Amino acid sequence: MDNLIMANVKLDSLDYKILKMLSLDARKPYLEVSRACGVSGAAIHQRIQKLYSMGVINGSITLINPAAVGYDTCAYVGIFLNDSSKYDEVVAHLQEMPEVVECYITTGKYDMFVKLYAKNNDHLLHLIHDKFLTMGLGRTETLITFKEVFKRQIPV
């Protein structure tokens with residue numbers, strides 16, 4: 001949904017209560033949500049479908065612990081493009097890399113900023129030298145994280 005349209009979405013207190021509950025536990029049964037909100041299960045189902053159709057809720061995911069499946073290195077890579085007309089081409093290449101989990105076009109120092117997971121530092125080096133630099137980028141700057149301290153949803 002267009003960001004301009006999203007800015008004009010009108011949510012009421014029931015919508016916010018539903019969003020808060022689902023942001024804490026996306027698997028919470030509709031019946032529990034309906035009881036907490038004091039409305040019928042059918043009404044909750046309709047509201048949640050409305051929130052999806054308006055683009056307020058984009059989906060729900062199962063969060064996998066990267067280290068538990070062999071990805072011990074988390075890194076953020078700032079990308080400098082040689083040619084700003086190559087955004088779409090670079091994005092297409094990044095989308096083909098399963099290790100890249102987030103990608104942003106930014107202002108400031110970098111043209112793009114990505115978050116990725118690698119199995120180890122050697123794997124990260126391979127990704128940067130054999131994948132990133134073959135895209136015709138100007139250069140990259142990489143920040144390796146030691147540990148995720150916390151992660152949360154935006155407040156609703």
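We count residues from 1, following the sequence as given. For clarity, every value in this text was computed on a predicted model and none was experimentally measured.
Taking each heavy atom of R47 and D12 in turn, the nearest pair found is NH1-OD1, 2.8 Å. Closest non-hydrogen pair, L81 versus D111, comes out as N-OD2, 2.7 Å. Taking all atoms of both residues into account, the shortest heavy-atom contact from A118 to L124 is CB-N, 3.6 Å.
Cluster membership check: V114 does not share its hydrophobic cluster with L143, using side-chain heavy-atom separations under 4.5 Å among Ile, Leu, Val, Met, Phe, Trp and Tyr. Hydrophobic clustering, with ILVMFWY side chains joined whenever heavy atoms are under 4.5 angstrom apart, groups I44 together with I57. Using a 4.5 Å cut-off between side-chain heavy atoms of Ile, Leu, Val, Met, Phe, Trp and Tyr, with links allowed through other members, M97 and Y76 fall into different hydrophobic clusters. Taken together through direct or relayed side-chain contacts under 4.5 Å among Ile, Leu, Val, Met, Phe, Trp and Tyr, L24 and I48 form parts of separate hydrophobic clusters. Hydrophobic clustering (ILVMFWY, side-chain heavy atoms < 4.5 Å, transitive): L127 and Y110 are in distinct clusters.
For K50, the side-chain hydrogen bond (donor to acceptor under 3.5 Å, both in side chains) partners are D15, not counting sequence neighbours. Contacts of N120 classified as side-chain hydrogen bond (donor to acceptor under 3.5 Å, both in side chains), with partners at least two apart in sequence or in another chain: none.
Here the CE-OG distance, from M21 to S34, works out to 8.5 Å after rounding to the nearest 0.5 Å.
Residues in residues 146-156 take part in no salt bridge (Lys or Arg N to Asp or Glu O under 4.0 Å) pair, two or more places apart or across chains. Sorted by first and then second residue, the ring pair (Phe, Tyr, Trp, His ring centres under 6.0 Å) pairs with a member in residues 9-64 read Y30-H45; sequence neighbours excluded. Within the structure, no pair that satisfies the ring pair (Phe, Tyr, Trp, His ring centres under 6.0 Å) test touches residues 117-154, not counting sequence neighbours.
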Exercise for review: Given salt bridge (charged side-chain N to carboxylate O under 4.0 Å, His left out), test E99 with K131 step by step and report yes or no.
Suggested key: CA-CA 11 Å; E99 297 89 351; K131 302 281 185 166; over 6 Å; no
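Looking only at side-chain heavy atoms (C-beta outward), F80 and E141 come within less than 4.5 Å of each other. The shortest distance between side-chain heavy atoms of V91 and M112 falls below 4.5 Å. Using a 4.5 Å heavy-atom threshold, the side chains of I18 and C37 count as touching. In this structure, L11 and M54 have side chains that are in contact, with non-hydrogen atoms separated by less than 4.5 Å.
Residue-environment remark: CG (D88) stays at or below the threshold of 12 foreign heavy atoms within 6.0 Å.
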Donor-acceptor pairs are to be reported for all side-chain atoms of residues 66-75 against protein atoms at under 3.5 Å, with residues two or more places apart or in another chain.
residue : atom : partner : partner atom : Å
T73     : OG1  : N121    : OD1          : 3.3

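K17 contributes a side-chain N or O that, together with a main-chain N or O of A36, makes up a donor-acceptor pair within less than 3.5 Å.
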